[in-house]
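A short write-up of the structure that comes next.
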Amino acid sequence: MDINTLLLIKVLGSRPVETVNVELMKELSKEKMYELYLHAKVNKIGYTYLKALESAGMIRKLPQLERELEKQEDIFGKYIQSINIISDVLTDLDINHVFVKTIYSFPVLPSDIDVLIYGRLSKNLLELLKKKGFIPFDRGPHFVSVYNTIIDPRVPRNKMSYDIDIYDEISLNYVVYLDKKYCFNDLKINLDNFKKVPSSEYELLIHLNHSIFEHLYTLLHFYTFMKLLPDVDIVKLKRLAKATRSERVLSYTSTITLSIITSANLAIEKRSLRVLEDLANEELLINVNTMPYRFALTRILRVLLEKAKTPRYSYHMLNFILHLINPRQLNHVVKQLVARRRRQTY
């Protein structure tokens, strides 16, 4: 594995910020600490790394990163404010909703806020949201992206972390990759901000499936796995994976996670290690040389084929294929695929 990934994991430990290795961090040069920040940023945990530096008392020695932390703290404050506002608005409108890939138990600044609704994205709902100050700027088959003008009306079109994607299916474009009915089963309340989130088992499956369809497994996925794993009921996780045709996804990502732990010689709880060893597939030859890890197209196709075995998923995939008849849609999909194969992060 590349040296920056190994070093970053050894600095952060198994639970970012909580297990930061202060002594190791003190041995690093300022140049190396900045280099690790850039690597953390590519892996979607730039904010996590900055908070770890702050926790270790090292951030003041790095003025450039201290200023970056102040900037991200400001964005994070607006991000939390935006979560609270959209939750209150949807509650007032009597819209059953849950936050996915949004509320973490360690410091993360996501690229946006994802909220899933139980019903459908009707024209009436969009009009009501618009009146409340949520202005649509992008629309797909199962989502609408809105600007939260209540937070910062001066930035009408620049996409910021506190913008909101409202979904009526767990999907990427036309491809619905998980059944949302399981997402609304066994909802739990996040104790930090009292917002509804999925069960640990389903939240984990959402993250892992998302990594497959985004083609990249980042250290954000790794640490999300590590943080959720102690709370996961392994029997329930396997049952949900089977019901949502995610067994291959779980096998791939567990194997990668275990490979990272082994390569970094990372100490984790015995129970979590046993669960990972149970979920991982020893026959998979997954060589994790660098992070983010890029999934081979053959593995992504195998996941799609696995999901296509059920009527619900095959219907959505057929709908997606039918839209490719339109030359504009086909051109868009090809461009998206090429971009996903070339990019270093997302």
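Start at 1 with the first residue, then count along the sequence. The structure presented is a predicted model; accordingly, all values stated were derived computationally and were not measured. Hydrogens, waters and symmetry mates play no part in the numbers below; they use all other heavy atoms, side chains included.
In this structure, I86 and L129 have side chains that are in contact, with non-hydrogen atoms separated by less than 4.5 Å. Put simply, the side chain of H142 does not reach to within 4.5 Å of the side chain of L121, judged on heavy atoms. Within the 4.5 Å cutoff, the side chain of E214 has no heavy atoms near those of the F295 side chain. Put simply, the side chain of K195 reaches to within 4.5 Å of the side chain of I103, judged on heavy atoms.
Using a distance-only test at 3.5 Å, with no hydrogens or angles considered, a donor-acceptor pair links the side chain of T253 to the main chain of V249. Checking side-chain atoms of Y252 against main-chain N and O of A280 turns up no donor-acceptor pair under 3.5 Å. A donor-acceptor distance shorter than 3.5 angstrom exists from the side chain of T149 to the backbone of G133, with no hydrogens or angles considered. In this structure a side-chain-to-backbone donor-acceptor pair under 3.5 Å is present from K180 to G119. Using modelled atom types, no side-chain atom of S254 and backbone atom of S251 make a donor-acceptor pair closer than 3.5 Å. Looking only at distances, no side-chain donor or acceptor of D179 sits under 3.5 Å from a matching main-chain atom of Y182. The backbone N or O of V235 lies less than 3.5 Å from a partner atom in the side chain of D233, making a donor-acceptor pair. With N21 contributing its side chain and V11 its backbone, the two residues share no donor-acceptor pair below 3.5 Å.
Residues E68 and Q64 have side chains that never bring a donor and an acceptor to within less than 3.5 angstrom of each other. Side chains of T224 and H221: no donor on one and acceptor on the other come within 3.5 Å. Using modelled atom types, one finds no donor on one side chain facing an acceptor on the other under 3.5 Å when comparing H215 with R294. Checked by atom type, the side-chain pair T257/Y217 shows a donor-acceptor distance below 3.5 Å. Between the side chains of S87 and N84, not a single donor N or O lies within less than 3.5 Å of an accepting N or O. Side-chain N/O atoms of E169 and Y177 include no donor and acceptor closer than 3.5 Å. A donor-acceptor contact closer than 3.5 angstrom links the side chains of S246 and K307. Looking only at atom types and distance, the side chain of S145 has a donor-acceptor partner in the side chain of D165 under 3.5 Å away. H207 and E203 share a donor-acceptor pair across their side chains, judged by distance under 3.5 Å alone. Checked by atom type, the side-chain pair N96/K196 shows a donor-acceptor distance below 3.5 Å.
In this structure, K227 forms no cation-pi arrangement with F222, as its terminal cationic atom is not both closer than 6.0 Å to the ring centre and no more than 45° off the ring axis. Judged by a 6.0 Å distance limit and a 45° cone about the ring axis, R15 is not positioned over the six-membered ring of F106.
In this structure, the separation between CG on L172 and CZ on F213 is 8.0 Å, given to the nearest 0.5 Å. Taking OG of S122 as the start and CG of L126 as the end, the distance is 6.5 Å to the nearest 0.5 Å.
Using cut-offs of 30° and 60° for the angle between ring planes, the Y118 and F184 rings count as perpendicular.
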Test K51 against E54 for salt bridge (Lys or Arg N to Asp or Glu O under 4.0 Å), laying out the working first.
CA-CA 5 Å; K51 293 299 285 183; E54 182 184 50; 2.8 Å; yes

Stepwise side chain to side chain contact (heavy atoms under 4.5 Å, CB included) check, V100 with V197:
CA-CA 6 Å; V100 298; V197 294; over 6 Å; no

List the steps and the verdict of side chain to side chain contact (heavy atoms under 4.5 Å, CB included) for I45 and L12.
CA-CA 11 Å; I45 56 169; L12 295 177; 3.9 Å; yes

Which is it for N4 and K32 under the side-chain hydrogen bond (donor to acceptor under 3.5 Å, both in side chains) test, yes or no, and what are the steps along the way?
CA-CA 9 Å; N4 279 339; K32 177 54 73 173; 3.2 Å; yes

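Salt bridge K132/D92: absent, no basic N to carboxylate O contact under 4.0 Å.
Listed by chain and residue number, D278 satisfy the salt bridge (charged side-chain N to carboxylate O under 4.0 Å, His left out) test with K238 (two or more places apart in sequence, or in another chain).
Hydrophobic clustering of Ile, Leu, Val, Met, Phe, Trp and Tyr side chains at less than 4.5 Å, counting indirect connections, unites I113 with I80.
No option in T255, V232, L237 other than L237 meets the side chain to side chain contact (heavy atoms under 4.5 Å, CB included) test with L279.
Residue I234 qualifies as enclosed at atom CD1: its count of foreign heavy atoms under 6.0 Å is above 12. Atom CZ of R60 sits in a sparse spot, with 12 or fewer heavy atoms from other residues, nucleotides or ligands closer than 6.0 Å.
In this structure, N43 and P292 approach most closely via the heavy-atom pair OD1-N, 3.5 Å.
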